[in-house]
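This structure is a prediction, so every number in the text was calculated from the model and none was measured.
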Amino acid sequence: MTFSDLGLSPKVLSAVTDAGYTQPTPIQAGAIPHALLGKDILGIAQTGTGKTASFVLPMLTRLEKGRARARMPRTLILEPTRELAAQVEENFIRYGKNHKLNIALLIGGVSFDEQDKKLERGADVLIATPGRLLDHRERGKLLLNGVEILVIDEADRMLDMGFIPDIERICEMIPFTRQTLFFSATMPPEITKLTEKFLHAPVRVEVSKAASTATSIIQRLVKSGSKPWDKRETLRNLMKAEDAELKNAIIFCNRKVEVSELFRSLLKYDFDAGALHGDMDQRARMQMLANFRDGKLRYLVASDVAARGLDIPDVSHVFNYDVPIHAEDYVHRIGRTGRAGRSGKSFTIATKSDTKYIDAIERLIGNKIEWHDGDLSTVVASEGEDEAPRRGRGAPRRAGRKDDDRKEKGERKPRERHAKPSEAAPPEAAHDEQPVAAEATVADIGERRARKEAIRSENTERKADRNEQRTPERGDSRPQRDSNRPARHRQEDNDATVGFGDDMPAFMRIVAKV
DNA sequence: AAAAAAG
């Protein structure tokens, strides 16, 4: 079976050939001929199975007849995350290089203007996340009654994310005569109901999980103390131990705060790391992902935004800095490595409180995961030791480490309540840097502010010169404000010393106590 | 115990 047997147009075939593909994957072979005939498709397939091309290629062929009218897109593809949407756009660009198609990407976090212009011009292909799509429609800039082909991708994930009502609304805006291509990795009851409602006599194409993935990934559990610095140390040791074999790695954390904390910590230890989570501004998200794909970054610290769907080929290692709370997430995360028959390694850092989640994972995958270097019964209790490198600058360290721990707990709490998660001061601020006095001096506060700003801009553009990050008071770090941030987070902007800096009047100190 | 997605 080759691509030329599937009935695709010459223009599409030549782009596929140029991309270096000759053999369709099972989902492509199963779905493309039916999709070309205009049939509805129910595709049950995981990512990494060639699912995207299975709808992009037939759509391109079918779009060769006809032209788009202003504000009336001819096709619509719904994706759960912005990155996935952008990835689908790339596929249309790659395989549509012999076509003159207008492609519009409607995702949140970026300005409306450009998106509006593309809609105005008439889009052949509209790729969107649900929120931004509905937003455009409510503004009257978008008519969906010209849509001939609707694609709903990653439906089960849309369900997890609470998008199903939005999806139903959107489906109801599109004429009955459309063709619907529907993809989901799993078929929970809610999704089955959705397909019964919105698909007409679909052809079901099911691709079993690539059995090879499970076997080609070496999985290990790694014991660790439960304090953040224990876990960071465990991770660093692991990264160093794997260095020779490690080409690149994704490091998953359960929370966005942890992503940014770990990211900053790794930078301090000179690891070549980037970060990816949903509270970062869109430009930074795209940049980090692109740099990681291009090999400019070796490590990507990420939330589960990166766990599914994203096409990041050739990841040699996956580290779970946290044990995922939901067992399925484990499968998705480690599925980022060992793709396309290659081998991969995954290490999951586990603490005493993680045992029940590990049990759930082992039940799901039907296997015990081996311990890397002894199980949790051998963990030595932590004394709160953090072995981070010191900086020469500033006051000498305070005597007791344990003292500092107490300080970290006691002092960070009140400010943490206001802090936007991704920008909260890292624990290291109290730990392996300047000790923070109960009443911070103006200079301390000014420096902490500068640091925060450096971290902010670090999230947006990673500077080549690390020293700039280390001495942010020199200047050029500018705060990157995200105007899209929900109002409840904005309070943090009034926190501490923003707007006063080093010149903050003394009476403000009480407010800014850190 | 989370993340994601509109502003």
Does a side-chain N or O of A:Arg132 approach OP1 or OP2 of B:dA6 to a distance below 4.0 Å, or not? no
Going by ring-ring contact (aromatic ring centres under 6.0 Å, His included), A:Tyr299 matches just one of A:Phe271, A:Phe292, A:Phe319. Which one? A:Phe271
Within the 4.0 Å heavy-atom criterion, would you say A:Arg157 contacts the bases, only the backbone, or no part of the nucleic acid? nothing
Is A:Lys193 salt-bridged to A:Glu190, cutoff N-O under 4.0 Å? no
Below 4.0 angstrom from OP1 or OP2 of B:dA3, is there any side-chain N or O of A:Thr81? no
Starting at atom CG of A:Leu276, determine the distance to atom C1' of B:dA3, rounded to an integer number of angstrom. 12 Å
When you measure from the centre of the six-membered ring of A:Tyr269, is the NZ or CZ of A:Arg232 closer than 6.0 Å and no more than 45° off the axis? no
Could you check how far CD1 of A:Ile107 sits from P of B:dA5, rounded to whole Å? 9 Å
Sequence neighbours excluded, which residues qualify as salt bridge (Lys or Arg N to Asp or Glu O under 4.0 Å) partners of A:Lys197? A:Glu168, A:Glu172
What's the closest nucleotide to the A:Phe112 side chain, out of B:dA4, B:dA2, B:dG7? B:dG7
Quick one: is B:dA6 close enough that its OP1 or OP2 comes under 4.0 Å of any side-chain N or O from A:Arg169? no
Would you kindly give the CG-to-P distance between A:Asp279 and B:dA3, to the nearest whole Å? 8 Å
Side-chain ion pair, A:Glu148 and A:Arg178, N-O less than 4.0 Å: no
Between B:dA2, B:dA1, B:dA5, which nucleotide has the shortest distance from any of its atoms to the side chain of A:Asp354? B:dA1
Using a heavy-atom cut-off of under 4.0 Å over every strand shown, decide if A:Asp329 touches base, sugar-phosphate, or nothing. base
Ignoring hydrogens and angles, are the base of B:dA4 and the side chain of A:His277 linked by a donor-acceptor pair under 3.5 Å? no
So, is A:Ser303 close to the B:dA2 phosphate, meaning a side-chain N or O under 4.0 Å from OP1 or OP2? no
Tell me what A:Asp322 touches on the nucleic acid: a base, only sugar-phosphate, or nothing, going by heavy atoms under 4.0 Å. nothing
Report the distance from atom CD1 of A:Ile164 to atom P of B:dA4, rounded to the nearest whole Å. 18 Å
Is there a side-chain contact between A:Lys256 and the phosphate of B:dA4, meaning an N or O under 4.0 Å from OP1 or OP2? yes
